[in-house]
Enquirer: 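Handing you a structure now.
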Amino acid sequence: MSPAADPEPVPGDPAAIAAVLRGAPRAGAPRIGLELEMGLVRARDLTPPRYEDPDGVGPLLERIAASDPRYRLEREGQNVIALRRSDGQSITIEPGGQLELASVPAQDLRGLEETVRAESAHLARMAGEQGLLLCGGGLAPFPQAAMPWMPKSRYRVMRAHFAALGEAGRLATVMMQRTLSIQVSLDWADADEAAALMRLGFLAAPVFTAAWAASPLDGWDETGCVSWRAEAWRFTDPHRSGDVPTCAAPGADLQDYARYLLGAPLLFRLRDGAYETAPPLSYGELVAGGGWPDGAPLTRKDFLSHVSAMFPNVRLKPGILELRSTDGQAPGDVLAVPAWWVGLCYDPQARLAAEALLRAQDPAGRAAALADAPRLGLSARWGQRSLLDLARELLLIAREGLARRVARGEEQPDAALLLEPLARRLERGVSPADELLDAWRETWRGDRRRWVEALRFPSELVTA
């Protein structure tokens, strides 16, 4: 019996892929989402929990689900791998046991703040009942050799794929098992706005990486980098992570991102609910061949699986754009990240000003800035300018953008206060990593517990 036809057509050329990515027209005001990755640390000995232990990640997911009946458990075999709610909020596990909280989209920054603070405090309470600490920052504070693997077939396939890349994938296990990030999700009114957001996200990535660097240690050793998370992404997979220069170019649109998807190699294949190693083809070659080499038809799910297996600094999915160039942060700094992006992206005048500022820099210097930002941070240069100089100017543009959003009734009057942690650091010319290193060397004198406590999420609701 031949398989049933896919009820939805599978996009196979740039125009069709761009149409799927564009999604349905936005109804109402733009929304803001946040994906917050957090690490789990055993309080008793500062080690990582495994999945199956009594105080491990699996029992924690069960505990969280029992505390909130809105969550539906998602399993792979017998293992709970995610919790999902009908309103769009989810909690998923990353390869080394990190938790990712994907928030309900909010209409404004203060609404997002309310959700993120309440949900992170709830997760911290649940973790605390198992003797676990929930921590931020850009990297889980463990040596690589100590890290467990979570029981997901997707991660087994990814691990083998990156290992086969050799030098190009030499830090992929660091990326998978230990990195923590903050990803901001935005939507758009039309394809032109989507393209403008995409261009700005790629252009601003080196500045955001440097300004929010917060992972200077590898385990408990200094790395010489301020963002070991960003450095790990540089050596994960050059075909699917980091920059996409054609999408940052003047006039780049959704079809440019579609061409990137067509040319990228497949990472895995989803079949019967499990992930398998994909054949050595690009998505475009798969389309051109009329389906999978074994004769199975290509489906819309296959396309969406490919979309989700791309990890550039800006990732497009149907109807949303994810800004992915930022380390995870200490709890008090988390909301400043979306505030900066929203101030730049969700005000047309600010968006134009920010793109003009970055376009005025040496185009050839952006690649060097991206490569140098993980190591040099705000002192890295983009042509004749330091990333610190550009960050300060982008902060001013974002403040003005937020002020106009307030005037239009799109933000609460005090929304710009969320930028204060960033403003204080940029005035001093430092990143979170610089402050962490100073404390580690001078005040804490290598005390690991004080490092963890500085990045720990509170279990009680704390307002800004």
Side-chain angles (χ1 to χ4, degrees), residues 182-184 186 188 191-213 226-227 230 233-234 241-254 256-257 260 312-316 321-327 336-405 419 422-423 425-427 429 431:
I182 291 175
Q183 300 171 28
V184 178
L186 306 177
W188 48 73
D192 288 341
E193 185 180 11
L197 296 174
M198 177 188 73
R199 292 193 301 269
L200 181 55
F202 277 115
L203 282 171
V207 180
F208 272 72
T209 295
W212 290 116
V226 290
S227 177
W233 274 110
R234 293 186 63 233
S241 60
D243 192 33
V244 183
T246 55
C247 292
D253 61 19
L254 297 186
D256 290 290
Y257 193 85
Y260 164 65
N313 288 329
V314 179
R315 179 165 66 185
L316 273 70
L321 171 145
E322 297 172 348
L323 299 157
R324 300 168 45 87
S325 54
T326 307
D327 278 10
V337 177
W340 200 9
W341 278 123
V342 167
L344 294 174
C345 292
Y346 270 169
D347 175 74
Q349 187 174 334
R351 192 164 63 233
L352 288 172
E355 182 166 349
L357 169 67
L358 299 174
R359 292 264 178 244
Q361 311 313 310
D362 175 17
R366 192 172 70 87
L370 280 165
D372 290 343
R375 180 171 52 90
L376 301 177
L378 289 165
S379 64
R381 303 195 71 79
W382 182 341
Q384 301 302 310
R385 303 286 300 278
S386 71
L387 296 186
L388 174 60
D389 290 340
L390 295 174
R392 286 170 170 166
E393 291 197 40
L394 287 176
L395 175 61
L396 291 176
I397 294 171
R399 284 190 183 280
E400 293 168 356
L402 286 180
R404 285 189 288 270
R405 280 179 56 81
L419 291 170
L422 174 65
R425 288 197 183 93
L426 293 184
E427 185 177 359
S431 68

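For reference, positions follow the sequence shown, starting with 1.
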Enquirer: With rounding to the nearest 0.5 Å, note down the distance linking CG in D389 to CG in L394.
Expert: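 Atom-to-atom, D389:CG and L394:CG are 11.0 Å apart.
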
Enquirer: Does R324 reach the main-chain N or O of Q183 with its side chain, forming a donor-acceptor pair under 3.5 Å?
Expert: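 Not at all, since once roles are kept as given, no pair shorter than 3.5 Å links the two residues.
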
Enquirer: Shortest non-hydrogen contact from R381 to A369?
Expert: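 Here R381 and A369 meet closest at O-CB, 3.7 Å.
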
Enquirer: Looking at CG of N313 and CH2 of W233, how far apart are the two atoms once the value is rounded to the nearest 0.5 Å?
Expert: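 Going from the CG atom of N313 to the CH2 atom of W233 covers 9.5 Å.
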
Enquirer: Give a yes or no answer on whether the side chain of R199 reaches the backbone of A252 with a donor-acceptor pair at less than 3.5 Å.
Expert: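 Side chain of R199 to backbone of A252, a donor-acceptor pair under 3.5 Å: yes, one is there.
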
Enquirer: Test side-chain contact (heavy atoms from CB on, under 4.5 Å) on L200 and L358 and set out the steps.
Expert: CA-CA 9 Å; L200 181 55; L358 299 174; 4.0 Å; yes

Enquirer: When you measure from the side chain of W340 to the backbone of L419, do you find a donor-acceptor pair of N or O atoms at a distance under 3.5 Å?
Expert: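 Not confirmed, W340 side chain does not pair with L419 backbone.
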
Enquirer: Between S325 and T209, is there a donor-acceptor pair closer than 3.5 Å when you use the side chain of the first and the backbone of the second?
Expert: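 No; judged by distance alone, with no hydrogens or angles, the pair does not exist.
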
Enquirer: Any idea which heavy atoms bring S241 and Y260 closest together, and the distance?
Expert: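 Smallest heavy-atom distance, with atoms named: N-OH, 4.4 Å.
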
Enquirer: What is the minimum heavy-atom distance between A210 and S431, and which atoms define it?
Expert: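 Closest heavy-atom pair between A210 and S431: O-CB, 3.6 Å.
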
Enquirer: Please examine the side chains of Y257 and R315, heavy atoms only from C-beta on, and report whether any two atoms are closer than 4.5 Å.
Expert: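 The answer is yes, as the side chains (C-beta and beyond) meet within the 4.5 Å cut-off.
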
Enquirer: Answer yes or no: is there a donor N or O on one side and an acceptor on the other, between the side chain of R405 and the main chain of G343, under 3.5 Å?
Expert: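 Side chain of R405 to backbone of G343, a donor-acceptor pair under 3.5 Å: no, none is there.
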
Enquirer: For the atom pair CG (L323) and CE (M198), what is the distance rounded to the nearest 0.5 Å?
Expert: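 Nearest 0.5 Å value for the CG-CE distance: 12.0 Å.
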
Enquirer: Which heavy atom of T326 sits nearest to which heavy atom of W341, and what is that distance?
Expert: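 Nearest pair, atom of T326 first, then W341: OG1-NE1, 4.2 Å.
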
Enquirer: Is there side-chain contact between L422 and W212, with at least one heavy-atom pair below 4.5 Å?
Expert: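 Answer yes - side chains close enough.
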
Enquirer: Any side-chain heavy-atom pair from R351 and E193 closer than 4.5 angstrom?
Expert: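 A side-chain contact under 4.5 Å exists here.
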
Enquirer: To the nearest 0.5 Å, how far apart are CG in L344 and CD in Q349?
Expert: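 One finds 12.5 Å between CG of L344 and CD of Q349.
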
Enquirer: Hey, are S227 and D327 close enough side-chain-wise for a donor-acceptor pair under 3.5 Å?
Expert: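 There is such a pair between these side chains.
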
Enquirer: Calculate, to the nearest 0.5 Å, the distance between atoms CG and CD1 belonging to D347 and I397 respectively.
Expert: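 Going from CG on D347 over to CD1 on I397, the span is 10.5 Å.
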
Enquirer: Shortest non-hydrogen contact from P312 to V244?
Expert: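 Residues P312 and V244, closest heavy atoms: CB-CG2, 4.0 Å.
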
Enquirer: Distance from L387 atom CG to L378 atom CG, nearest 0.5 Å?
Expert: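 Answer rounded to 0.5 Å: 7.0 Å.
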
Enquirer: Taking all non-hydrogen atoms of both residues into account, name the closest pair between A205 and L370 and its distance.
Expert: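 Reported closest heavy-atom pair: CB-CD2, 4.1 Å.
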
Enquirer: So Q384 and D362, side-chain contact (heavy atoms from CB on, under 4.5 Å) or not? Walk me through it.
Expert: CA-CA 8 Å; Q384 301 302 310; D362 175 17; over 6 Å; no

Enquirer: Does R425 use its side chain to pair, donor to acceptor, with the backbone of A211 at less than 3.5 Å?
Expert: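 A pair under 3.5 Å: no.
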
